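To keep things clear, I will list the structure first and then write my remarks on it.
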Amino acid sequence: MSPRHFIDLKDAGGDAIAAILGDAMDRKGARAGWPKGQVDGHSPLAGHVLAMIFEKNSTRTRVSFDMAMRQLGGSALVLDGASSQIGRGESIADTARVLSRYVDAIMIRTDDHAKVVEMANHATVPVINGLTDASHPCQILADMLTLLERKSKLAGSKWVWLGDGNNVCNSLIEAAGLMHFDVTVACPEGFEPDAGVLAEAAARGRTIPIVRDAATAAKGADVVATDTWTSMGHSDSDNRGQALAPFAVDDALMAGAGAQAMFMHCLPAHRGEEVTDAVIDGPQSAVWDEAENRLHAQKSLLLWCLGKL
Ligand code: CP
Ligand code: NVA
């Protein structure tokens with residue numbers, strides 16, 4: 001039987017995502033106040049090891065997956081792309097075959113999405129996408145968990161994405177189609193999300209409006225979300241900042257959105273660019289819970305990948 005990979009949210013599908021989010025809520029609640037390294041009851045992943053490959057920088061993804069494995073009773077190891085043989089040209093396929101003999105699951109963060117697909121095609125253990133240029137599905141699991149904690153119901157919720165239609169935005173749109181919530185993207189011309197992702201959402205009955213006015217889009221939203229204007233691997237030499245400036249999130253934007261609106265950002269933030277200090281540190285910000293929820297969502301994701309959920 002082929003392993004349960006998580007390259008994108010659609011690999012799991014709506015029912016499994018709902019199960020993952022429900023399990024994450026339960027597990028998070030059950031260990032409230034515990035020391036961070038204490039293992040969950042029954043050590044569900046005792047003896048299991050996750051290999052994490054990084055070809056791009058990371059703080060949250062690296063630490064949250066490591067702590068996820070510890071809390072589930074397993075462990076994780078890190079392979080830095082550049083200092084491994086991948087950095088000297090060993091193929092992704094051969095790396096997948098070899099790692100599958102040592103570890104129980106593989107998480108990879110890289111640039112080209114095709115590399116994650118290639119890894120999954122040749123691994124005999126689950127492969128998890130820890131971010132590519134095209135998508136960041138683990139982040140959106142955490143974001144959905146954060147919404148659920150504060151608003152109870154994901155279906156029918158209204159999300160507005162402001163700024164660059166990037167990898168995180170693509171995964172948010174995919175989630176909207178699978179989990180039946182609304183996303184509006186407000187971005188400048190030339191910064192739209194992936195056309196294929198938009199088409200897939202439309203095929204699932206979820207048309208994603210692409211608009212040019214941030215304030216109008218944000219009115220009445222449950223979530224106002226944004227991200228850096230310059231993702232890893234992008235160059236900021238093409239005046240991105242100038243084009244994206246009207247989509248910055250500030251107090252006026254949040255006030256116009258309404259008191260019900262929470263602010264989300266996957267982090268790292270470029271304070272003073274896509275978001276002001278006042279918003280990210282203000283009462284509508286959910287970013288620290290959102291960052292914490294990477295841990296809780298990924299624990300349940302790992303359990304799903306390994307057939308224990
Ligand atoms: N949000 C996120 O993926 O953070 P890192 O780049 O620090 O992993
Ligand atoms: N869009 C950002 C997300 C970082 C977690 C990037 O790709 O750099």
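Fair warning: this is a prediction, and the values are worked out from it, not measured in the lab. Order of appearance sets the numbers: ligands from 1, and atoms from 1 within every ligand.
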Any N/O pair N166/ligand 2 closer than 3.5 Å: yes
Min N/O separation R109 to ligand 2 under 3.5 Å: no
Ion pair D213/K219, N-O distance below 4.0 Å: no
hydrophobic_cluster_shared for W161 and V249, side chain cutoff 4.5 Å: no
Lys/Arg-Asp/Glu bridge criterion (N-O < 4.0 Å) met for R150, D222: no
Contact (N/O only, under 3.5 Å) between N167 and ligand 2: yes
Salt bridge present between R27 and D23 (N-O < 4.0 angstrom): yes
Interatomic distance, Q85 atom CD to E90 atom CD [nearest 0.5 angstrom]: 6.0 Å
N/O separation below 3.5 Å, V168 to ligand 2: no
Closest approach of any protein heavy atom to atom 8 (O) of ligand 2, naming residue and atom: M232 N, 2.8 Å
Option from V197, T132, N129 for which side-chain contact (heavy atoms from CB on, under 4.5 Å) with D8 holds: N129
Nearest-neighbour protein heavy atom for atom 3 (C) of ligand 2, which is reported as residue plus atom name and distance: D227 OD2, 3.5 Å
T226 side-chain N/O to L162 backbone N/O, donor-acceptor pair under 3.5 Å: yes
Interfacing atoms of ligand 2 (cut-off 4.0 Å, heavy-atom, L267): 5 (C)
Per-atom contacts of ligand 2 with L131, taking only distances under 4.0 Å to non-hydrogen atoms: 3 (C), 4 (C), 5 (C), 7 (O)
Ionic contact status for E192 with R212, cut-off 4.0 Å: yes
Any L45 side-chain heavy atom under 4.5 Å of K299 side chain: no
Residue pair Q298 / S64, side-chain donor-acceptor N/O under 3.5 Å: yes
Residues in the immediate environment of ligand 1 (any heavy atom closer than 4.0 angstrom): S58, T59, R60, T61, R109, H136, Q139, C266, L267, R294
